[in-house]
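Notes to accompany the following structure.
Reminder, nothing fancy here: chain letters follow the sequence lines and each chain counts from 1. Values reported hereafter were calculated over all heavy atoms of this structure, with side chains retained and with hydrogens, waters and symmetry mates removed. No experiment lies behind these values; they were computed from the predicted model shown.
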2 protein chains.
Amino acid sequence: MTLDVRKRLVLQAVVESYVSTAEPVGSRTVARKYQLGVSPATIRNEMADLEEMGYLEQPHTSAGRVPSDKGYRFYVDRLMRNQQVAPDVAQKIREIYKRRTKELEALIQITAKLLSETTDYMALVLGPRRERSFLRFLRMIPVGGGRVLLALVTDTGFVENRWLHFQEEVDELELERISDTLNRYLQGVALDEMGYGLLRTIDVELSRSRYILTQIMELLEDETDPADEERVYLGGTVKILNQPEFKDIDKLKELLGLLENEEDVYELLNSIDVDDEVTVTIGNENRREEIRECSLVTGTYRIGNHIVGKIAVLGPRRMEYAKVVSVVDYVTRNLSEILTRYLDN
Amino acid sequence: MTLDVRKRLVLQAVVESYVSTAEPVGSRTVARKYQLGVSPATIRNEMADLEEMGYLEQPHTSAGRVPSDKGYRFYVDRLMRNQQVAPDVAQKIREIYKRRTKELEALIQITAKLLSETTDYMALVLGPRRERSFLRFLRMIPVGGGRVLLALVTDTGFVENRWLHFQEEVDELELERISDTLNRYLQGVALDEMGYGLLRTIDVELSRSRYILTQIMELLEDETDPADEERVYLGGTVKILNQPEFKDIDKLKELLGLLENEEDVYELLNSIDVDDEVTVTIGNENRREEIRECSLVTGTYRIGNHIVGKIAVLGPRRMEYAKVVSVVDYVTRNLSEILTRYLDN
DNA sequence: CTTTAGCACTCCCATGCTGGGAGTGCTAAT
DNA sequence: ATTAGCACTCCCAGCATGGGAGTGCTAAAG
């Protein structure tokens, strides 16, 4: 399944021309713009071969050629030259992550924006899944008027805040005692496992303060509600509209419909294999029908060795792969690094 | 500027027919569907009058009529009958706000989703502006490894979490002492006023712990960064695509472009007068060019008497005003009520 | 054996034309 | 004041047409 040098050059020319113009590429164009030193007729023969081998497609007889999924795949795996991130882009990315005071949620949001701005495609970012997050620390802070702020800090640096309400003022010392006990029992427990069962054990020890504990239990129970929003952040939704492949409103509707359903986006991105590299999935390689006309460039960010979430860029198959891959790679590294530095044990 | 009874009936018929079909309305249709007991010819005369008075428009000679902004305005102010929220919708809304443990941010997010689901138009929700929020409470919680979680609670119930990092473990008692002092000085101060100036006074008192204070100062300084994200939440972006008036990609791009710029959305909604009622702005009544083809139904939610933010529904001018107004009103009330109950002093 | 010029052929698409339909405004009769 | 009748306007869907871009094939040249 290897291609001779000239076929590679032709394929590369077709991909690059189509990426930049969105118009089917004719033999004439290839011969003229990408000096191969042969006539259009020769190119035509090569293109016919490439089509037969499945690397190119024709929208209809007598149109130019367009790369197939297989063609893009070959381009991404073999032809595309690794690209450095442009210095100004790298600068901008580093700049963003220099401010290290943000909590994880804000960081993720910024990442989505950053990705879409630097690539000019749409960005998806997933935060840590709740059921894979473990409690690091819990604290109750009385704010007056019977209101108590419950702060849950997870190993991934997420902070969840919840309110507790009581009829009368609660004693700060009592809260501290409860916090301490809860911490003792719950540290390292997954958030979605803090159901009644677990809490019942603690109940005994804290029976004196059951009225407080009851509220906390209800609240943590709520926490496990799967209908609860996932942490998916989108950036640059408008960018899709710049792509001529989405001039069709119905396709757009389908796509945006998918993206609005956070559970689906989660599943989509998590179905992609994790390895240390950036992963590209092209057209029909994608699980979901709705993005069979798109490509996805995905990176996985971590805290230490612990996988936290994904970042992805979504664009038309006709995507500037080299550039996007380099940016996704760079952003993933930066994000992982800052998280690891400040959150890893 | 008053219309006789029959003209009102005709105008109402045109608005309601156009709202439901998106097709220009002819005299025949009005006569047939909205039993007025007169012939199409009579209706034609009335419609010609209404057009002359500016309530109706003709896309072109020999098409039916379409309401003008003025026509919609009259409909909203005078013709539309106040509608009750459908029982199942009311049920759903109450349901959502019954769980009272969420922090404000989550509540706002849910509100955006709720609004778009119940109205079938797009929803915009603004959270409290930072510069109008005052510190209620501040607390530092050491989490181990030199990491300290700084939680800022505002009067509007917003909780901001920020991380502080130190070389070595910090003493919990010292943190508590600092927290106490800071609270004493900063309670009731607006978030964007916590600049160096103010902190310098405190510096003296806490000179022993300057290395901690310095970080806090930097961090709060950051807080005043106006480039920081505003709190705008969108719900149901896809819904716009269902409207035939947005079959044109360019208009769509313009609109989504506006909506992605949070500062602009803020300005747009805040330019709308606040009174206790729900406000409707139609077409050209809107400030921004980009939504001159849309209408906006806006409500203001509060904590006690203190204005916190806005909720809005964005749809085509051809909007089901009665329904949307009732939903926005109901949601506003519910949201204000729950916030007031749990956060008002 | 590879490359290339030449040419007939295919298919899309922008353009222009046409007829029917929906709706109007006017006039004259009720 | 209302309405039937009718001529008129305008849109739009459907169809035909021609030019252009691009192909595949053949035969000649390197």
Side-chain angles (χ1 to χ4, degrees), chain A residues 3-11 13-18 20-68 71 244-245 247-248 318, chain B residues 3-11 13-18 20-68 71 244-245 247-249:
Chain A
L3 299 176
D4 68 43
V5 174
R6 196 167 62 192
K7 283 201 174 49
R8 290 177 184 224
L9 285 174
V10 172
L11 179 54
V14 172
V15 170
E16 286 174 7
S17 168
Y18 189 60
S20 68
T21 66
E23 295 292 333
V25 187
S27 53
R28 198 192 160 74
T29 315
V30 174
R32 201 157 20 88
K33 276 213 218 143
Y34 303 78
Q35 323 281 29
L36 302 192
V38 291
S39 75
T42 310
I43 307 279
R44 270 205 289 288
N45 290 326
E46 296 288 27
M47 284 168 100
D49 290 351
L50 284 168
E51 179 169 1
E52 202 174 352
M53 291 187 244
Y55 293 100
L56 296 180
E57 292 172 348
Q58 246 179 332
H60 51 86
T61 8
S62 94
R65 255 68 170 216
V66 160
S68 66
E245 23 274 282
K247 62 175 202 313
D248 176 12
R318 195 179 58 71
Chain B
L3 299 175
D4 67 43
V5 173
R6 197 167 62 193
K7 283 201 173 50
R8 290 179 184 221
L9 285 174
V10 172
L11 178 54
V14 172
V15 170
E16 286 174 6
S17 167
Y18 189 60
S20 68
T21 66
E23 295 293 332
V25 187
S27 53
R28 199 192 159 74
T29 315
V30 173
R32 201 157 20 89
K33 275 213 219 144
Y34 304 78
Q35 322 283 27
L36 302 192
V38 290
S39 75
T42 310
I43 307 282
R44 273 207 287 288
N45 289 328
E46 297 288 29
M47 285 168 100
D49 290 351
L50 284 167
E51 179 170 3
E52 203 174 350
M53 291 188 245
Y55 293 101
L56 295 180
E57 292 173 348
Q58 245 177 333
H60 52 85
T61 8
S62 95
R65 256 67 170 218
V66 160
S68 65
E245 23 274 282
K247 61 176 202 313
D248 176 12
I249 288 271

Worked check of side-chain contact (heavy atoms from CB on, under 4.5 Å) between A/Val25 and A/Leu56: CA-CA 10 Å; A/Val25 187; A/Leu56 296 180; over 6 Å; no
In whole Å, what is the span from the [atom1] atom of [X] to the [atom2] atom of [N]?
| X | N | atom1 | atom2 | value |
| --- | --- | --- | --- | --- |
| B/Arg44 | D/dT9 | CZ | P | 16 Å |
| B/Tyr18 | C/dG23 | OH | P | 14 Å |
| A/Met47 | D/dG24 | CE | C1' | 13 Å |
| B/Arg65 | C/dG25 | CZ | P | 4 Å |
| A/Ile43 | D/dA21 | CD1 | C1' | 17 Å |
| B/Asp49 | C/dG25 | CG | P | 10 Å |
| A/Glu51 | D/dG22 | CD | C1' | 12 Å |
| B/Asp4 | D/dT2 | CG | P | 10 Å |

Given 3.5 Å as the limit, does a donor-acceptor pair link the side chain of A/Ser17 with the main chain of A/Val14, or not?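 Checking the backbone N and O of A/Val14 against the side chain of A/Ser17, no donor-acceptor pair under 3.5 Å is found.
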Is it the case that the side chain of A/Ser27 and the backbone of A/Ile43 share a donor-acceptor pair, with hydrogens and angles ignored and the cut-off at 3.5 Å?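 No: the side chain of A/Ser27 does not pair with the backbone of A/Ile43.
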Heavy-atom pair with the smallest gap, counting every atom of A/Ala22 and A/Pro244: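 The pair with the smallest heavy-atom distance is CB-CG, 3.8 Å.
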Within the structure, does a side-chain N or O atom of [X] lie under 4.0 Å from either OP1 or OP2 of [N]?
| X | N | value |
| --- | --- | --- |
| A/Thr61 | D/dT23 | no |
| B/Arg6 | D/dT2 | yes |
| B/Ser27 | C/dT24 | yes |

The side chain of A/Thr42 is closest to which nucleotide in this list: C/dT4, C/dG25, D/dT3?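 My answer, after comparing the listed nucleotides, is C/dT4.
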Tell me which nucleotide among C/dT24, D/dT2, C/dT4 gets nearest to the side chain of A/Val38.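 Looking only at side-chain atoms, A/Val38 lies closest to C/dT4.
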Go through A/Tyr55 and A/Lys7 one step at a time and tell me if the side-chain contact (heavy atoms from CB on, under 4.5 Å) criterion holds. CA-CA 10 Å; A/Tyr55 293 100; A/Lys7 283 201 174 49; over 6 Å; no
Spell out yes or no: do the side chain of B/Arg28 and the base of C/dG23 have one donor N/O and one acceptor N/O closer than 3.5 Å?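 Counting by modelled atom types and ignoring angles, no donor-acceptor contact under 3.5 Å is found here.
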Using a distance-only criterion (donor-acceptor N/O pair, under 3.5 Å, no hydrogens), is the base of C/dT10 paired with the side chain of A/Ser62?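 Under the 3.5 Å cut-off, the side chain and the base do form a donor-acceptor pair.
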Along DNA chain D (nearest heavy atom to each residue), the more 5'-positioned of B/His60 and B/Ala41: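 Here B/Ala41 is the residue nearer the 5' end.
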